[in-house]
Every structure is written in C-alpha cells, then in structure tokens.
Amino acid sequence: MGLRFAEGSEETYRYPLTIGHLLDRALITSADQEIIYRDEIRYTYREFARRVGRLASLLSSLGGEEGTTISVLDWDSHRYLEAYFAVPMMGAVLQSVNVRLPLEQILYTLVHTNPSVILVHRDFFHLVEDIRKAVPGLNAIVAILDGSDEPLPPWAAGEYETLSEAASAGFPFRDFDENAIATTFFTSGTTGNPKGVCFSHRQLVLHAMALCGHSGDTRHRGFGIDDVYMPLTPMFHVHAWGMPYVATMLGLKQVYPGRYDAAMICKLRTQHGVTYSHGVPTILQMILAAAEETNTDLSGWMMVIGGSALAPALFEEGRRRGMELVCAYGMSETGPILTVTRRAPRTDAGAADEGYLLTRAGVPIPLVSARIVDENMNTLPNDGRARGELVVRAPWLTPCYVGDEAGSKALWRGGWLHTQDVATIDRQGNVTICDRLKDIIKSGGEWIDSILLEGIIAGAAGVSEVAVIAVPDDQWGERPLAVVVPAVGQGVTLEAINAPIQDLIAKGAVTRYAKLERFVIVSELPRTSVGKIDKKKLRAQFVASPSADHRPVAGTAG
Ligand code: AMP
C-alpha cells in the first residue's frame, strides 16, 4: 500500500507557507504597533499593510508582473521592509542589491536577474545610466529621494513616496505555490564574480519559524513581544538574517536606521529604546566606540553577532558595557542562520567557561541537520575534537547557484550543502568554527586556525584589531602573519603579541607552531562589502610582499 494523503473537502483552505501569511497575525495582535525610520518616519502596522498594498499596485502598474524580478538599491529602511513583503506577495522576486559591490559587479548581478522595475535611493543615482544601458528588460525606475528636495531625475518614473501615495492600497494579492521563488541576491564573492542564490516563500517562512523556535532553546534572552528591534546587518545581505520577517511576524516595534552611522544608531537606541539587534563584529566595535563618545547607555541591549567569529576580548568589552551578546553562524547560501549559541546550564560545572561558549557558533537551530565530514564524506564523531568540513541540511538552503551548474553540484556534493568551513561539534551539539578551509595556515604538517590566533591576539596588550593570514615559507610551507591595528596611542611588540599565545602553548592548548615570527602594523583593516575583514585583500597586499618581516609597516591595508 502506498502513502496516503489527507485530502479535505473542496473548501478546505490549503494554507501555503507564503510571506503574506507572516502578516496575518501581526495585524490582529499589533495593528497599532509602530515601525520607525530613523528619527523621520513612524507609522503603525495597519498603515504598513496599506503601504505594502500600495507598493504592489505601484509596481504592477509599472510592469512588475508576477514572475519578474524587482530590484532594490536602498539602505535599511521602512521602504525596504515594504519591499520584503510587497514584492514576494505579488508573486514577483525581490532582488536585494548589494550596494557596496563595485559597479561592474552590481551590473553583473542586474544583467543576470534582468529586473522589470528597480527602486533606487538617491545615493545610487550615479549608477543608473550604466544600469539602464545594461539591463534589457527594465520597464521603470522608481527614485527614492528620502526626504531630499532635489529634483526628480529625468529617467525616473516618479518618486517612491509620491507614487506610493497615489497607488491603491487594495492590491488583489492571491495565494500561490509556497515553492515560488521569493528572493534572490548575490554572495559577496571572495573570488571572481558574485554567485546568485535564491529562496522560496516556504523556505523563508520556515527559517522565520525556526528562529522563533530556537528562542526557547538557548537559555539566553529570546526575541519577544517587549523587544524593540533594529537590524544592523544590511537588508541587502541575506534578508538581514531573516530577522525583519521574524520581527514583523511577531508584531514587534521596529526601528530602521538607514545608512549606518554610529552616532545615529546610538541616538535611535536611546530615543526608541532599542533592545534587540544583530550584526558583524565590526558593527559591535563601531557601536562600542560611538557609545563612549555619545555617552550612550548600552545596558540590556541584546546583540546577536555573526558573519565572523567574535573575539573573546571584544565579547568581554561588550559585556563590560552591559550588552548581552551571543553568536550565530550561517552563510549567504543558508538563508542564513544555521546555529545560535546556547548557554551552559546553570548547574553545569563547565559553566564557568561561559564566555568561551558564548563566542562559539552555537547549536543548530530547529530543523537543521549538521555533521562534520572528511574529504570522502565520512562522518566524523561529535566529540568536540574531530575536525572536518561542516555540511548541513535544512529546509531553507539555496537549492543552487543560479545559472551555475558546476558550482551548484559542488555546493550540494553528496546531498549535503558544503559550507567550506572546518568545524568541530561536541556532545551537546555545540559547533565551533575553526576556520574557513582556505584560511587555515598549513605549517610544517600542522594546521593552525587563523580564527583561533586572531581571538588570542585580540586580547594582547596594545592590540585594537587583528587579522591573521598565511604567508608562504620555504621551510614550513606556510607561516602565520598577524596584521595588527594598534589601540589608540599604544605600541605593539612581537613579545606582547606572543605572550598570550605562549601561555596557551605552555598549557598545551595550542600547537607550538602558533608562535609568530612576524607581524605588521596597519592603521585600518580592509573590509568586504558586508563589513567583514577582507583577507583576500590582505593576502594580495602582504603575500605579494612578504618582506614585511618583523618590522612594523605603517599605512592602511587594502
Ligand atoms: P557570507 O556568505 O558572506 O555571509 O559568509 C559566510 C561565512 O562567514 C561562513 O562560511 C563562515 O566562514 C563565516 N562565518 C559566519 N558566521 C560565523 C561565525 N559565527 N563564526 C565564524 N565564522 C563565521
């Protein structure tokens, strides 16, 4: 006998897991709750739903039909949130364009998606001429003046607010297959052109649900009704970790900060009582510095840190200033969240090492399967010691790299998504990301993790920030090179950098090959378009001229 399915009656409502349904409950429980843009705009969820309808009517009047792509070039704003809902809800695909990529890469992504309509903030008007030439299917461009009274450019179909006000709030949204593509964007691409990933309605809804599920599972403060939410990961990058969908589904007060400006972020935190954010370590560092200058109270502000490992020293500094910090891990291809830190139980003897645990990648969130494997896909034990590539399954992983058959095959080799991260998993399911496969330093047959060294050196005297890269070495194959930004007004020495490393070597916690012979000093570390330390640029700079031995080198990397 085969499988049997419940059929229901003709009138049974077959609930598709589509983005529009995330709004249903919010409009019952939180119709009067607020959504805020900087210190400029505030409106209710009731008004938000009307604006979502208006945006869909507007886009459809401009040729943004079901199945077409609609692209957005904007900072984090209420407008972006409107597009997060309106575009997928009308059956179109939202492309969040990484506005920090170089022009040729932005053009590359737009040529591939061939959008019917583009929404462009005035900060990116200078790109429009090239975009118009490159994108064949483009019907219309909506200009976002964002409160400025500058004239409307001649190429614009109109201005976002004016057009939206004139459009009907009653767009006839209809149900459709939950497997329809809702969003697409391009990964930042460490080499070559960016790679396109895509996510369906069902995937985004399940990701949002799983994020809620993990809240009850981590022993730290969850994300809930009394929180005031402000994203600090760009909305163009992996749906701002999917959190705007969660915040809206839960009907929380939301604050959108526009272009990131540390002083404005601190102001919004105080003015609107922001309690919950997320970002890369660089953002945390920026906030800690700005809060000192602006005398902003950070206590009780929960921030989920991901995108790169959080160095214990930065974690301690955030905690000292009253913030609640936890880590999350994921990638563009995984929608993104895979793991979130879980606190040790209060009674656990190991809880003394809580800080250590909280800077790890965390445990898989509900519905995520994770294992570590060797090159032949043999599963390695979850004993906290065996290292292998982390491979995952979850209902919300990109099915492919758009238009890249070979890349997609490699991504999904053996039926698991390959993260290209080397990790360990312990008996409680805590995942520790040791390093990216390509960043590990292979020195005389030993593997040294750049993340580990960075975490140790970040706590050394006089160090503000550090990145560690492999440089070729005749004797050892590769050796680590620390690229250090000194703390203001302080000097850094090789002895100071090696002091905490030597302590750990003495305890047998790290290999003796981890001791450094070289470091260089820079005034700033180069960043990728999403604010992570750009090791590709560092390698290009310092591997090309490894003569930087020992001597501090002044100047800016990258
Ligand atoms: P992206 O797709 O640009 O967001 O980059 C994803 C990569 O960032 C992952 O494959 C990891 O190498 C790294 N990453 C993300 N979160 C963490 C974390 N919590 N700890 C260490 N590395 C991380």
Side-chain angles (χ1 to χ4, degrees), residues 96 98 100-101 105 184-199 207 214 218 232-243 278-284 303-312 314-315 325-342 356-365 368 370 372 387 389-392 394 396-398 401 407 410-411 416-425 430-440 449-455 458 467-468 527-536:
S96 46
N98 182 341
R100 294 203 183 273
L101 289 179
Q105 293 201 353
T184 185
F185 62 89
F186 287 71
T187 67
S188 23
T190 40
T191 49
N193 276 321
K195 290 177 172 171
V197 291
C198 63
F199 300 91
H207 182 260
H214 100 81
T218 49
L232 291 173
T233 36
M235 294 179 84
F236 62 68
H237 187 55
V238 215
H239 328 109
W241 298 359
M243 292 297 281
H278 46 80
V280 291
T282 311
I283 288 281
L284 174 61
M303 197 169 291
V304 183
I305 303 292
S308 306
L310 174 61
L314 184 56
F315 168 75
L325 299 170
V326 296
C327 291
Y329 160 79
M331 51 199 293
S332 302
E333 290 83 345
T334 63
I337 303 295
L338 293 170
T339 65
V340 179
T341 335
R342 175 192 274 169
Y356 173 83
L357 197 60
L358 286 172
T359 55
R360 303 295 102 183
V363 295
I365 64 171
V368 172
I372 45 170
R387 300 158 52 107
E389 188 189 2
L390 182 68
V391 296
V392 291
W396 52 81
L397 314 182
T398 188
Y401 288 123
L411 181 69
W416 291 75
L417 185 141
H418 289 252
T419 63
Q420 307 237 19
D421 288 316
V422 175
T424 62
I425 304 180
N430 290 296
V431 175
T432 299
I433 303 299
C434 306
D435 215 344
R436 290 180 192 230
L437 268 172
K438 62 179 179 302
D439 289 344
I440 292 177
D449 299 330
S450 65
I451 291 184
L452 176 73
L453 278 180
E454 286 160 3
V468 174
R527 306 276 169 193
T528 67
S529 60
V530 293
K532 304 188 196 189
I533 294 171
D534 191 337
K535 292 201 174 174
K536 192 177 56 149

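For ligands, and for the atoms within them, numbers begin at 1 and follow the listed sequence. This structure is a prediction, so every number in the text was calculated from the model and none was measured.
Nearest to atom 19 (N) of ligand 1 by heavy atom, out of A309, C327, G306, A328, is A328.
Between T398 and L417, the closest heavy-atom pair is O-CD1, 4.3 Å. Closest heavy-atom contact between E389 and Q420: OE2-N, 2.7 Å.
When hydrogens are left out, the protein atom nearest atom 17 (C) of ligand 1 is Y329 CD1, 3.5 Å; that is the closest non-hydrogen contact.
The closest donor-acceptor contact from the side chain of E454 to the backbone of V468 lies under 3.5 Å.
Between H239 and F199, the gap from one ring centroid to the other is short of 6.0 Å.
In K532, the part holding a heavy atom less than 4.0 Å from any atom of ligand 1 is the side chain. At a 4.0 Å heavy-atom cut-off, ligand 1 touches M331 through backbone and side chain alike.
Using a 3.5 Å distance cut-off with no hydrogens or angles, the side chains of S450 and D435 do pair a donor with an acceptor.
At least one heavy atom of G307 sits less than 4.0 Å from an atom of ligand 1. For the ligand labelled ligand 1, residue A361 lies outside the 4.0 Å heavy-atom shell. Using a 4.0 Å heavy-atom cutoff, H237 is listed among the residues neighbouring ligand 1. Residue G362 places no heavy atom under 4.0 Å from ligand 1. Residue contacts with ligand 1 include D421, since one or more of its heavy atoms lies under 4.0 Å from the ligand.
For ligand 1, the atoms lying closer than 4.0 Å to a non-hydrogen atom of R436 are 5 (O), 7 (C), 8 (O), 12 (O), 13 (C).
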